[in-house]
Amino acid sequence: MFSAPKGVPDYIPPTSAAFLHVRSTLTRAAELAGYGYVELPVFEDTALFARGVGESTDVVSKEMYSFLDRGDRSITLRPEGTAGVMRAVIEHSLDRGSLPVKLFYAGQFFRAEAPQAGRYRQFHQVGIEAIGIDDPALDAEVIAVGDAGFRALGLTGYRLEITSLGDANCRPAYRALLQAFLAKLPLDEPTRQRAELNPLRVLDDKRPEVRELVAEAPLMVDHLCDDCRAHYELVKAYLTELGVKFVENPRMVRGLDYYTKTTFEFVHDGLGAQSGIGGGGRYDGLMAQLGGQELSGVGYGLGVDRALLAAQAEGVLPEFSRVDVIGVPLARPRGPVWSRSPVSCVPPACGRTSSTAAGR
RNA sequence: GUGGGUGUAGCUCAGCUGGCAGAGCACUGGGUUGUGAUCCCAGGUGUCGCGGGUUCAAGUCCCGUCACUCACCCCA
């Protein structure tokens with residue numbers, strides 16, 4: 001007997017109806033905000049992700065599904081959406097029209113991780129990208145659209161965390177400062193290596209003893225350059241203006257290298273260890289890095305699978321009825337019976353009769 | 001990759017200290033009924049994950065193995 005590959009979910013009735021509901025609710029929020037749909041390939045040139053996401057990230061270094069195609073080209077099943085959207089924008093010169101370019105997508109993504117509650121090897125995201133405008137108002141808009149999607153689902157048990165990661169001006173100096181701080185701490189070897197590769201991640205350590213050690217560590221938000229600081233302050237002001245509630249989390253970590261300035265995450269506590277139901281941020285250097293113009297961008301990815309789990313945990317999903325009408329035969333149907341009814345309808349099945357019909 | 005938990009009917013699960021495999025739901029057939037609803041009767045429900053071992057006797061105890069799962073890690 002066959003079974004689905006490890007870590008890959010099947011959505012079957014009745015849960016599949018809820019899955020569609022969640023996905024369409026999240027995409028609807030993007031449509032309502034004026035974003036245009038892009039349908040992009042599920043696999044791309046491996047180098048696109050390596051360069052876009054960052055060679056040193058876990059996603060690229062050990063979680064990609066890569067293979068050689070028949071022409072010996074290295075192909076990778078997409079682990080995230082932004083790099084592919086940037087590629088398409090550049091390839092089709094969308095960035096040469098009016099800015100910002102506003103796009104959304106929905107689909108499957110793949111990461112070869114150990115499966116866990118809310119973490120799958122094939123998972124589903126709905127994402128948006130807004131490209132070409134530096135204005136912090138755009139950051140606030142993107143965040144608000146994501147928040148609106150979750151709210152439309154009926155979710156209330158999540159919080160929005162935001163912070164700023166600085167940019168090429170201020171982050172390198174901060175990073176050196178943090179590494180110098182961490183080097184003086186009595187950390188175990190794996191953590192020491194993490195401090196070397198991605199020092200921010202150490203700030204996010206779950207172990208209480210480590211949290212205590214890094215309690216006094218310098219934070220990026222205290223070392224932002226003037227430009228980044230002003231940007232961050234405006235994002236917060238705009239969010240407040242939009243009525244979007246948020247909390248600042250200066251220790252937030254994102255898994256992709258391209259983020260600059262604003263980053264954010266939607267966190268839900270009802271899912272188990274994998275609490276992020278969506279996240280995103282600004283990525284000002286990415287377009288240029290992938291061979292496009294020097295254009296900024298900001299976007300998010302929302303986890304459909306996790307949003308579904310969250311909605312189930314909160315009990316906010318509507319009842320999904322597969323059919324509105326059931327046809328009952330009074331005599332044995334003698335051929336195919338198919339209803340053209342505008343309501344969903346189960347006609348009497350061939351080869352079956354009710355005991356009533358059979359008895360008369 | 002490293003730990004913990006769980007593998008028994010199609011599904012959800014009982015099975016206490018070794019002693020003949022069980023319940024509910026679902027399913028099939030029949031009966032009642034102007035529903036394929038409800039109710040009643042009858043019935044498949046099974047390599048007890050797999051392989052060894054201990055024992056007169058293993059679903060139960062021991063070893064191994066595989067799968068699933070949760071957690072670390074990482075993240076949507």
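A note on names: the letters A, B, ... follow the listed sequences, proteins ahead of strands, and every chain is numbered from 1. Bear in mind that the values here come from a model prediction, so they are computed numbers and not experimental data.
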**OP:** Counting heavy atoms from C-beta on, name the nucleotide in B:rC68, B:rA76, B:rC72 closest to the side chain of A:Lys6.
**Re:** B:rC68

**OP:** Using a 4.0 Å heavy-atom cut-off across all strands, classify A:Phe109 as base, sugar-phosphate, or nothing.
**Re:** nothing

Original post:
When the distance from CZ of A:Arg121 to P of B:rC73 is rounded to whole Å, what number comes out?
Top reply: 18 Å

Original post:
Contact class for A:Ala307 (heavy atom, under 4.0 Å): base, sugar-phosphate, or nothing?
Top reply: nothing

Original post:
Taking CZ from A:Arg78 and P from B:rA76, how many angstroms apart are they, rounded to a whole number?
Top reply: 15 Å

Original post:
How about A:Tyr258 and A:Tyr283: are their ring centres within less than 6.0 Å of each other?
Top reply: yes

**OP:** With RNA chain B as reference, determine whether A:Gly7 or A:Gln122 sits nearer its 5' end, using the nearest nucleotide of each.
**Re:** A:Gly7

Original post:
When you compare B:rG49 with B:rG59, how far apart are their P atoms, in angstrom units rounded to a whole number?
Top reply: 10 Å

Subject >> A:Thr260 side chain to A:Asp284 backbone, donor-acceptor under 3.5 Å >> reply: yes

Original post:
Checking A:Lys236 against A:Tyr232: charged group under 6.0 Å from the ring centre and within 45 degrees of the axis?
Top reply: yes

**OP:** For B:rG4 versus B:rC20, give the span between their P atoms, rounded off to a whole number of Å.
**Re:** 33 Å

**OP:** Round to a whole Å and report the spacing from CE of A:Met252 to P of B:rC74.
**Re:** 16 Å

Original post:
Is the centre of the A:Phe104 ring less than 6.0 Å from the centre of the A:Tyr37 ring?
Top reply: yes

Original post:
Rounding to the closest angstrom, what is the interatomic distance between B:rA26 and B:rG3 at atom P?
Top reply: 43 Å

Original post:
Considering only the C1' atoms, how many Å lie between B:rG51 and B:rG19, rounded to the nearest integer?
Top reply: 25 Å

Subject >> Residues clustering with A:Val42 (ILVMFWY side chains joined when closer than 4.5 Å, directly or via others) >> reply: A:Phe43, A:Tyr65, A:Phe67, A:Ile75, A:Leu77, A:Phe110

Original post:
Base, sugar-phosphate, or nothing: which does A:Gly127 touch, judged by heavy atoms less than 4.0 Å apart?
Top reply: nothing

**OP:** Starting from P on B:rC75, measure out to CZ on A:Arg306 and report it in whole angstrom.
**Re:** 11 Å

**OP:** Answer yes or no: is there a donor N or O on one side and an acceptor on the other, between the side chain of A:Thr15 and the main chain of A:Tyr11, under 3.5 Å?
**Re:** no

**OP:** Take atom CG of A:Asp205 and atom C1' of B:rC72, then tell me their distance rounded to the nearest Å.
**Re:** 11 Å

Subject >> Gap in Å between the two C1' atoms, one belonging to B:rG46 and one to B:rC40, rounded >> reply: 27 Å

**OP:** Would you indicate, yes or no, if B:rC70 has its OP1 or OP2 atom less than 4.0 angstrom from a side-chain nitrogen or oxygen of A:Arg119?
**Re:** no

**OP:** Before accepting this row, confirm whether a basic side-chain N of the pair A:Arg211/A:Glu209 lies closer than 4.0 Å to the acidic partner's carboxylate O.
**Re:** no

Original post:
Rounded to the nearest Å, what distance is computed from the CD atom of residue A:Glu113 to the P atom of nucleotide B:rC70?
Top reply: 14 Å

**OP:** Look at all strands and tell whether A:Glu80 reaches a base, only sugar-phosphate, or nothing, counting heavy atoms closer than 4.0 Å.
**Re:** nothing

Original post:
Tell me: NZ of A:Lys62 to C1' of B:rC72, nearest whole Å?
Top reply: 11 Å

Original post:
How do A:Ser275 and A:Ala4 order along RNA chain B: which one's closest nucleotide is nearer the 5' end?
Top reply: A:Ala4

Original post:
If the P atom of B:rG43 is compared with that of B:rA23, how far apart are they to the nearest Å?
Top reply: 11 Å

**OP:** Classify the nucleic acid contact of A:Leu302 as base, sugar-phosphate or nothing, counting any heavy atom under 4.0 Å across all strands shown.
**Re:** nothing

Subject >> P atoms of B:rA67 and B:rC73, separation to the nearest Å >> reply: 24 Å

**OP:** Look at the side chain of A:Gln116 against the base of B:rC75 and say whether a donor-acceptor pair falls under 3.5 Å; ignore hydrogens and angles.
**Re:** no

Subject >> Test of ring centre spacing under 6.0 Å for A:His124 and A:Phe19 >> reply: yes

Original post:
Looking across every strand, which nucleic acid part, if any, lies under 4.0 Å from A:Arg194 by heavy atom: base, sugar-phosphate, or nothing?
Top reply: sugar-phosphate

**OP:** Looking at every strand, decide which applies to A:Arg254 at a 4.0 Å heavy-atom threshold: base, sugar-phosphate, or nothing.
**Re:** sugar-phosphate

Subject >> Separation of B:rC73 P from A:Leu197 CG (nearest whole Å) >> reply: 16 Å

Original post:
Under a 4.0 Å N-O cut-off, is there an ion pair linking A:Glu113 with A:Arg121?
Top reply: no

Subject >> Base-pairing string, 5' to 3', of RNA chain B - Watson-Crick or wobble, under 3.5 Å, | interstrand >> reply: (((((((..((((.....[..))))((((((.......))))).)...(((((..]....))))))))))))....

**OP:** Give A:Lys206 one of three labels, base, sugar-phosphate or nothing, depending on what nucleic acid heavy atoms sit under 4.0 Å from its own.
**Re:** base

Original post:
If you measure from the C1' atom in B:rA58 to the same atom in B:rC70, how many Å do you get, rounded?
Top reply: 29 Å

